[in-house]
Amino acid sequence: MDMNKDNANPTILNVSELPTRQGKKKRGSAARKLGVKRPEYLRAPFAAVSWPSDESEGDDRFTVEPIDELEIYDLISTISDPEHPLSLGQLAVVNLPDIHITPKPSLSAGRDTLTQVLVKITPTITHCSLATVIGLGIRVRLEQALPPNYRVDVMIKEGTHSQDDQVNKQLADKERVAAALENATLKGVLEKMLETCV
């Protein structure tokens with residue numbers, strides 16, 4: 001057992017019991033068997049993603065089904081914990097009831113409707129030193145995967161971290177987030193965390 005870990009013995013949830021819209025099989029295994037390449041934005045989390053412009057008529061791929069809380073959960077639950085070889089879903093760092101979308105998803109919402117996604121994370125221990133890194137990983141994942149009209153906020157669930165105010169302040173500061181994403185070491189940690197996303 002590694003004594004350098006903040007929480008050397010976390011509670012682990014069974015993957016088969018986690019909520020998901022995806023199949024209960026090992027996530028991503030079908031695509032690998034078929035030889036389907038992962039999209040560029042999933043292989044390189046810092047690659048630029050181009051979304052269709054509003055000028056492209058007849059392109060309703062993004063409005064057919066609204067993005068809901070379960071889809072957001074599916075996007076972030078497979079992110080690897082930076083300290084353990086487990087996902088954030090398995091460690092209950094991200095939980096479906098702690099994901100909120102405003103306004104509520106609907107088919108009538110237009111492509112230009114500004115949508116707010118709030119994800120509250122629960123660190124495995126109250127003095128987790130990697131809470132900011134985990135929050136940053138969730139933010140990067142969602143900002144890469146969601147359409148441009150979505151705004152992402154990630155925060156520590158109240159009372160689950162000894163310094164939740166300070167961590168929330170860091171995660172909400174756009175300049176700090178931008179500076180952190182320019183740090184090569186941190187960028188490497190985030191890329192490693194996002195390797196397991198499907």
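Here, residue 1 is the first one in the sequence, and each next residue gets the next number.
- When the options Leu194, Leu142, Val93, Ile121 are evaluated for a side-chain contact (heavy atoms from CB on, under 4.5 Å) with Ile76, the one that passes is Leu142.
- In this structure, Ile156 CD1 and Thr126 OG1 are separated by 11.5 Å, a value rounded to the nearest 0.5 Å.
- Identified under the salt bridge (charged side-chain N to carboxylate O under 4.0 Å, His left out) test for residues 165-176, with sequence neighbours left out: Asp173-Arg176.
- For the atom pair CD1 (Ile99) and CG (Leu75), the distance works out to 9.0 Å, reported to the nearest 0.5 Å.
- Contact between Pro123 and Ala131 at its shortest, heavy atoms only, is CG-CB, 4.4 Å.
- A distance of 10.5 Å separates CG in Asn95 from CG in Leu88, rounded to the nearest 0.5 Å.
- In the model, Thr196 has a side-chain atom that pairs as donor or acceptor with a side-chain atom of Ser80 under 3.5 Å.
- To the nearest 0.5 Å, atoms CG (Leu130) and CD1 (Ile125) are separated by 9.0 Å.
- Under the side chain to side chain contact (heavy atoms under 4.5 Å, CB included) criterion, Leu171 pairs with Thr132, Val154, Val167, not counting sequence neighbours.
- Between Arg141 atom CZ and Leu136 atom CG the span is 14.5 Å, to the nearest 0.5 Å.
- Residue Leu118 belongs to a hydrophobic cluster whose other members are Met155, with links defined by side-chain heavy atoms closer than 4.5 Å.
- Separating the CG atom in Asp153 from the NZ atom in Lys120 is a distance of 11.0 Å, to the nearest 0.5 Å.
- A distance-only check finds a donor-acceptor pair linking the side chain of His161 to the backbone of Cys128 [under 3.5 Å].
- Inter-residue side-chain proximity for Asp81 and Thr124 is flagged as unmet; no heavy-atom pair is nearer than 4.5 Å.
- The two atoms that bring Val189 and Pro82 nearest to each other are CG1-CB, 4.4 Å, heavy atoms only.
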